Each structure stands twice: as C-alpha cells, then as structure tokens.
Protein chains: 2
Amino acid sequence: MIQDSIRILQARGYKITQPRKQVLEVLQGAQKPLSPYDIQGLLQKQGKYVNHVTIYRILDLFCSLNLTHRVLSSGGFVKCAIESKEGCHRFMVCSRCGALQEFADEELCRDENRFAQNLGFHTEYHLSESSGLCANCHKKSEGPEGV
Amino acid sequence: MIQDSIRILQARGYKITQPRKQVLEVLQGAQKPLSPYDIQGLLQKQGKYVNHVTIYRILDLFCSLNLTHRVLSSGGFVKCAIESKEGCHRFMVCSRCGALQEFADEELCRDENRFAQNLGFHTEYHLSESSGLCANCHKKSEGPEGV
DNA sequence: GCGCTAATTGCAATATTATTGCATTTAGCC
DNA sequence: GGCTAAATGCAATAATATTGCAATTAGCGC
Ligand SMILES: [Mn+2]
Ligand SMILES: [Mn+2]
Ligand SMILES: [Zn+2]
Ligand SMILES: [Zn+2]
C-alpha cells in the first residue's frame, strides 16, 4: 500500500509532496518496471507535469529507503511488493510477458554468503534477478496445442 | 586467455579484426568493469582509434557468445574469467576497491530454481551480483589499527 | 601476392538517459 | 497566515546508446 510508504517517509522526516505521491501511485499501478521517463509520460497523460529531474531525485530517495527498487535487467523501477520482509529482495522476470515477482528468502542469502566467504568475500547485499517463464506463460507454451 | 576467445570467434565464422582483438586485450588487462567509452579511451591512449559504435557492436557480439559479460550494478563490461564453467556466471564486487570476482556454482542455481518453481516460475537463467568486501579490504578494515 | 565480396568498421546524425547549479515554489511548522 | 528549510522546476550539459549508409578490410580462391 501507498499509505505504508507515506508513513515511512513521514517517520524519516521527508515531506509528503504532490510529485512524491504521484510517483508512488504510478508505480503502484504499473504491471512492469518503469523508467523515469515512463513515469513522467504516464503522469503527463493524467495532466500532471513533473520535471524528470524531480522524478530521478524521488526515485533516488525511494530506493535509498527501499520503498522502490531498480530492476537492473530492464533498467526500470518498481514499487517494493514485500516491504515487511527482511533480507535481500529478489526478482523473477517473465521473459515472455514481462511479469515481475518479488520475493525474499533468507536461506538463499545464507547459501550465497557461505559461498562468497569461501572466496574470501564478506557480503553486504545481493542483487538477484532471474529470467524465465511465469506460471501463465509456461502453461500456454505446453498447452493442448503443443509447444 | 585471449587465444581461447579468438578460437571461439573463428569457430563461429566471425572475422578476427583489429578492433576485436584490441577490445579483448583491453578487457583482459582491466582490473574492473569498463564502459564502452572507457575502452575507447584506453585504446586511444595507445594511439589506437576505434569508433564507439564499433565498440558497442563488438561488446554485443562478445556478450552474445559469453566471451564477455555486462556487470549490471556498474554498467561496465568484463572478460569472462571462467569460460569453461557451465551454468550461470556470478559476480562478487568489492564495494571498497571495485575488485571483481567471477564464479559459478551449480548448487546455487539449483536452489534458486527450486525456489522459483515454488512460485510457478520456470527459470531460464540467473543474474547474480553480490556486493561486499574482498579479502584484502576486509583484512584492512579490521587490522591492528582497529576499525 | 591479387582481386573479390561479404563482413565489419567509420561517420554523422540523433535518441535516450542522467546530472548539475541555481532560481522558484511549497509542505509543515508556529 | 507567515516563515523557512526542503523540495521542485528550469536550463544547460554530460553520458550513454542507436541508426542508416558509405568506406574499409579479413578471409577466400586463384
Ligand atoms: Mn523489495
Ligand atoms: Mn563468465
Ligand atoms: Zn509470463
Ligand atoms: Zn576490495
């Protein structure tokens, strides 16, 4: 929910401004990662002008608070879908329909950390994005009509 | 070795050109990910001019053959350090000195795939970059002079 | 070695993405 | 409602990336 994000912003002393609320709303409604200019375009369609510099700055802030994430494989931004979960947040991206699912799993992090330590590395955080077929697209690709 | 990469290019019918060899050499010698323009700059220092468009195209080709990888967290390119290893290639990046280590581990892939399947996803490949301190930097940070 | 040709590179123009400094506006406070 | 620090807008510029087409070149047969 957007309200959760707003509460976090307030708790940290950040102002609740029109552009910030608007960016949150757009990201909340999106079905895929959006670039800063995507966001600007969508807002403009609703008659709301926000300078792209402002959008960059808002996304910087949101990402620093983990309210949003940048999806590196596409370069776009998404609203965090699991704000309450500890540990690193990971993504699965459907290579067919673009659907994105966010998840977290401490076991995976532990495994990765362990492996890193064998190489002498002390991990601070993980960046993890997998590509594949979502349930829907996988079903279609082997449906009654064959592959 | 660069020779391995050259053999792969030849085997696939790609020509061995000056720019391609030069890009391979620069990447081989680099200690961190290089942007296309970094590469152009380094070559220029050696008196070798290569157009940036050419470098983009060469990197596209190399990445499609997994001779190089794009490191998403920094946007730069590295030469693959473990060409013989199967499965997805992962990176650990030192947040202090930028050192990069490439590795692969099938066990990690299996774990991730299993987790994805529980979410209904059928994984094609993983993108995995961890940030942390390399052995050297970690040693320094808790050396005799204290933290 | 020489010429041929497809593959590759260079060039020029343009698009996209991102950053900076400073003027203006506004949210939150009294 | 007025005050002020925080946030936004603006303008300029930097950095990154792509496209179409002309010029060059690697690899081939001779
Ligand atoms: Mn998240
Ligand atoms: Mn590799
Ligand atoms: Zn899908
Ligand atoms: Zn280091």
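This is a predicted model, so every value here is computed, not measured. First the proteins, then the strands, lettered A, B, ... as listed; each starts at 1.
A straight line from CG of A:Leu34 to P of C:dT17 spans 12 Å, rounded to a whole angstrom. Distance A:Asn51 CG to D:dT13 P: 17 Å, rounded to the nearest Å. Rounded to whole angstrom, the span from the CG atom of A:Asp38 across to the P atom of C:dT17 amounts to 7 Å. In this structure, A:His52 atom NE2 and D:dT8 atom P are separated by 14 Å, rounded to whole Å. Atom pair B:Ile58:CD1 and C:dG10:C1' shows a separation of 12 Å (rounding to whole Å applied). The distance from atom CD of A:Gln22 to atom P of C:dA27 is 11 Å, rounded to the nearest whole Å. A straight line from CD of A:Gln18 to P of C:dT24 spans 22 Å, rounded to a whole angstrom. Here the P atom of nucleotide D:dT16 and the CG atom of B:Asp60 are 16 Å apart, to the nearest Å.
Looking at which nucleotide of DNA chain D each of B:Ile16 and A:Arg20 is closest to, the 5′-most match is held by A:Arg20. The residue among A:Ser35 and B:Ile55 whose nearest nucleotide of DNA chain C is located toward the 5' end is B:Ile55.
Within the 4.0 angstrom heavy-atom criterion, base atoms lie near A:Arg57. Using a 4.0 Å heavy-atom criterion, one finds that B:Tyr14 contacts the sugar-phosphate atoms exclusively. At the heavy-atom level, B:Arg12 lies nowhere under 4.0 Å from the strands shown. Using a 4.0 Å heavy-atom cutoff across all strands shown, B:Val53 reaches at least one base atom of the nucleic acid.
Of the side-chain N and O atoms in A:Tyr49, one or more sit less than 4.0 angstrom from OP1 or OP2 of D:dC10. Between A:Arg70 and C:dA18 there is a side-chain N or O to OP1 or OP2 distance below 4.0 Å. OP1 or OP2 of D:dA26 has not a single side-chain nitrogen or oxygen of B:Thr17 nearer than 4.0 Å.
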Donor-acceptor pairs under 3.5 angstrom involving side-chain atoms of residues 7-29 of chain B: please list them, not counting sequence neighbours.
residue: B:Arg7; atom: NH2; partner: B:Asp4; partner atom: OD1; Å: 3.0
residue: B:Thr17; atom: OG1; partner: B:Arg20; partner atom: N; Å: 3.3
residue: B:Arg20; atom: NH1; partner: B:Lys15; partner atom: O; Å: 2.9

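Using a 30° and 60° split on the angle between ring planes, A:Phe115 and B:Phe103 fall in the parallel class, below 30°.
We find that B:Asp60 and B:Arg57 are not joined by a salt bridge, their nearest charged nitrogen and carboxylate oxygen being 4.0 Å or further apart.
Judged by atom type and distance alone, B:Tyr37 reaches the base of D:dA17 through a side-chain donor-acceptor pair under 3.5 Å.
Contact record, B:Gly98 with B:Lys32: O-CB, 4.2 Å, taken as the closest heavy-atom pair.
Aromatic ring centres of A:Phe91 and A:His69 lie closer together than 6.0 Å.
Side-chain proximity of B:Val50 to the nucleotides C:dG10, C:dT19, D:dA17 is greatest for C:dG10. Of the candidate nucleotides C:dT9, C:dT26, C:dG10, C:dT26 has the atom nearest to the side chain of A:Lys15.
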